[in-house]
Peer 1: 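Next up is a structure, given as structure tokens.
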Amino acid sequence: MKTDVIMQALEAKHPGEKEYLQAVREVLLSVEEVYNQHPEFEKAKIIERIVEPDRILTFRVPWVDDKGEVQVNLGYRVQFNNAIGPYKGGVRFHPSVTLSILKFLGFEQTFKNALTTLPMGGAKGGSDFAPRGKSDAEIMRFCQSWMLEAHKILGPDMDVPAGDIGVGGREVGYLYGMYKKLTHECTGTMTGKGREFGGSILRPEATGYGACYYLKHMLDDQGLDIKGKTIAVSGFGNVAWGAVQKATQLGAKVVTISGPDGYIYDPEGISGEKNEYMLELRASGNDIVAPYAERYPNSQFFPGKKPWEVKVDIAMPCATQNELNEEDAKMLVANGVQCVAEVSNMGCTAEAIDYFIEHRTPFGPGKAVNSGGVATSGLEMTQNAMHIYWTAEEVDQKLHQIMSDVHEQCVKYGRQPDGFINYVKGANIAGFMKVANAMLQQGVC
Ligand code: 2IT
């Protein structure tokens, strides 16, 4: 297998699908060497099969707004790969959503889910719907309309969606309510549900908590302690909230959060009540962080800027894809950053990742660092299938174990001859080998 040859063919087939092609290229470059040591993969055309989704459902999502006007959005579910288990992955509602973005996310999800040690395949779904400024009733009607189409290909052993950007507990509730009505079943076929109806305790915190557990392992590898470290976090949604909370509990000081409007620098640290205020900011539905600086005058708001210009020990992008580019990477490295844990999916551009690795800055890729979210979704599926409920301690303990296993797999496949750990390579190879072997054993299908 030659990455360039495969990529040329893929670019010709899917022109302009920038994010999808970017995600595929990253994985292929990482696995090329190992793949070429396995002629049985080549013979079964594993690469040619693994880069294409199993199927894509696209549909129209009509809904009526509060003024009585009919609105029409696009809806999607990309079922990427179910070699190791039922399709599993989030749903994103954001105006930037395109098929390319959902294909990149579904592709990444396949390898991420393989890393979690749980039996879950990869999928992603969503819509170009813009939740900003919508009323609760509008959100509900939109969710119901989305599910009216999507439910046809979902099921507890088939495909189990969850949240992502723009889809939190409220949306999951509305989506699941409609799913149940349409399918006459209570199988819990959505994760991130409310605790009263089968949701796992700790799911809202899980992505951010898991990311901090993974970060701790990365720091351990370098003989560093998280205590006393300063951290730049981007974003201010559910994932950033959990990461800020756990990093603070572990003794670090988080000094930034950000939104589409700019970033907040809070030299005192975003802890306690300020961390909870992030939820309020998010719930306002305005998608801006500026009000933080009005409420906490010791902090500063930098309009239109990203937090990567702040001098910190650790960077944790927690917002969205390609939010940290080569220029940002250069600034962080020049300012002495010791570790970068990518929490958003493909949060860093390929050039930024190359820069970190060239400069021997340990870089944890999203598919490993953020895998605690979907892993806890997997635990929710188990609890639902068994009709039982685990305590926060039980879930947290399992999450700890999973993040430790994910980290171990990355180190196993990512340690370089000079001792440096290339976590990108490690995560890609570990995830790929599992899915590829499963596909091989199941024949050409
Ligand atoms: O990107 C992700 O892993 C998620 N949005 C969570 C997926 C899930 O099924 O919990």
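Atoms within each ligand, like the ligands themselves, are counted from 1 in listed order.
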Peer 1: I'd like to know whether ligand 1 has R203 as a neighbour, heavy-atom separation below 4.0 Å.
Peer 2: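 Yes, that is the case, since the closest heavy atom of the residue is under 4.0 Å from the ligand.
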Peer 1: For the CE atom of M140 and the CG atom of L175, what is their distance to the nearest 0.5 Å?
Peer 2: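 It comes to 12.0 Å.
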Peer 1: What protein heavy atom is closest to atom 9 (O) of ligand 1, reported as residue, atom name and distance in Å?
Peer 2: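 The protein heavy atom lying closest is K88 NZ, 2.7 Å.
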Peer 1: Using heavy atoms and a threshold below 4.0 Å, how should the contact between K124 and ligand 1 be classified: side chain, backbone, both, or neither?
Peer 2: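 Only the side chain of K124 comes within reach of ligand 1.
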Peer 1: Under a 4.0 angstrom heavy-atom cut-off, which atoms of ligand 1 come close to G163?
Peer 2: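 Ligand 1 atoms under the 4.0 Å threshold to G163: 4 (C), 5 (N), 6 (C).
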Peer 1: Just verifying a value: how many Å separate T248 OG1 and N275 CG, rounded to the nearest 0.5 Å?
Peer 2: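 Those atoms lie 6.5 Å apart.
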Peer 1: Regarding D266 and Y292, do their side chains bring together a donor and an acceptor under 3.5 Å, going by distance alone?
Peer 2: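 The criterion, which ignores hydrogens and geometry beyond distance, is satisfied for Y292 and D266.
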Peer 1: Show me the donor-acceptor pairs, under 3.5 Å and distance only, between side chains in residues 318-325 and residues at least two apart or in other chains.
Peer 2:
{"unit_1": "Q321", "atom_1": "OE1", "unit_2": "R92", "atom_2": "NH1", "d": "2.9"}
{"unit_1": "N322", "atom_1": "OD1", "unit_2": "Q22", "atom_2": "NE2", "d": "2.9"}
{"unit_1": "N322", "atom_1": "ND2", "unit_2": "Q22", "atom_2": "OE1", "d": "3.1"}
{"unit_1": "E323", "atom_1": "OE1", "unit_2": "S234", "atom_2": "OG", "d": "2.5"}
{"unit_1": "E323", "atom_1": "OE2", "unit_2": "A319", "atom_2": "N", "d": "2.8"}
{"unit_1": "E323", "atom_1": "OE2", "unit_2": "T320", "atom_2": "N", "d": "3.1"}
{"unit_1": "E323", "atom_1": "OE2", "unit_2": "S344", "atom_2": "OG", "d": "2.6"}
{"unit_1": "N325", "atom_1": "OD1", "unit_2": "E327", "atom_2": "N", "d": "3.1"}
{"unit_1": "N325", "atom_1": "OD1", "unit_2": "D328", "atom_2": "N", "d": "3.0"}

Peer 1: Looking at ligand 1, does any of its N/O atoms fall within less than 3.5 Å of an N/O of P161?
Peer 2: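 Between P161 and ligand 1 (N or O atoms, distance only) the closest approach is not under 3.5 Å.
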Peer 1: With heavy atoms under 4.0 Å as the rule, classify the contact between M190 and ligand 1 as side chain, backbone, both or neither.
Peer 2: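 Near ligand 1, M190 shows nothing, with every heavy atom at 4.0 Å or more.
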Peer 1: Could you tell me if K367 sits above the aromatic ring of F107, with its cationic atom closer than 6.0 Å to the ring centre and no more than 45 degrees from the axis?
Peer 2: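 That pair does not qualify as a cation-pi contact.
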Peer 1: Can you tell me how far the CE atom of M120 sits from the CG atom of N82, to the nearest 0.5 Å?
Peer 2: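 Atom-to-atom, M120:CE and N82:CG are 13.5 Å apart.
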Peer 1: Consider ligand 1: state whether an atom of it lies below 4.0 angstrom from any non-hydrogen atom of E108.
Peer 2: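 In this structure, E108 fails to qualify as a contact of ligand 1 - no heavy atom is under 4.0 Å.
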Peer 1: Of all the non-hydrogen atoms in the protein, which one sits nearest to atom 7 (C) of ligand 1, and at what distance?
Peer 2: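 Here the nearest protein heavy atom works out to G90 N, 3.5 Å.
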Peer 1: Considering non-hydrogen atoms of the protein only, which is the closest contact for atom 10 (O) of ligand 1, and what is the distance?
Peer 2: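 Going atom by atom, the protein heavy atom closest to atom 10 (O) of ligand 1 ends up being S377 OG, 2.5 Å.
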Peer 1: Within the structure, does Q109 bring an N/O atom to less than 3.5 angstrom of an N/O atom in ligand 1?
Peer 2: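 Yes; at least one N/O pair falls below 3.5 Å.
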Peer 1: Does any pair with a residue in residues 431-441 pass salt bridge (charged side-chain N to carboxylate O under 4.0 Å, His left out), and if so which ones, sequence neighbours excluded?
Peer 2: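 Sorted result for residues 431-441: empty, none.
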Peer 1: So, is the end of the K193 side chain (NZ or CZ) under 6.0 Å from the ring centre of Y176 and within 45° of the ring's axis?
Peer 2: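 Yes, a cation-pi geometry holds between K193 and Y176.
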Peer 1: Give the numbers and elements of all ligand 1 atoms closer than 4.0 Å to a heavy atom of A162.
Peer 2: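 Contacts of ligand 1 toward A162, numbered from 1: 8 (C), 9 (O), 10 (O).
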Peer 1: For the rings on Y214 and H407, is their centre-to-centre separation under 6.0 Å?
Peer 2: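 Judged by ring-centre distance (under 6.0 Å), Y214 and H407 do meet the cut-off.
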Peer 1: Mark up the atoms of ligand 1 that fall under 4.0 Å of a heavy atom belonging to D164, in ascending order.
Peer 2: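 So the answer, numbered in order with elements, is 1 (O), 4 (C), 5 (N).
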Peer 1: Could you verify whether a donor N or O on one side chain and an acceptor N or O on the other, from Y87 and N81, lie under 3.5 Å apart?
Peer 2: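 On atom types as modelled, these side chains do not qualify, holding no pair under 3.5 Å.
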Peer 1: Quick one: which ligand 1 atoms are inside 4.0 Å of a heavy atom on N345?
Peer 2: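 Those atoms are 1 (O).
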Peer 1: Among protein heavy atoms, which sits nearest to atom 2 (C) of ligand 1, and what does the distance come to when rounded to 0.1 Å?
Peer 2: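 Sorting protein heavy atoms by distance from atom 2 (C) of ligand 1 puts K112 NZ, 3.2 Å first.
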Peer 1: Is T207 touching ligand 1 with its side chain, its backbone, both, or neither, if touching means heavy atoms under 4.0 Å apart?
Peer 2: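 Neither part.
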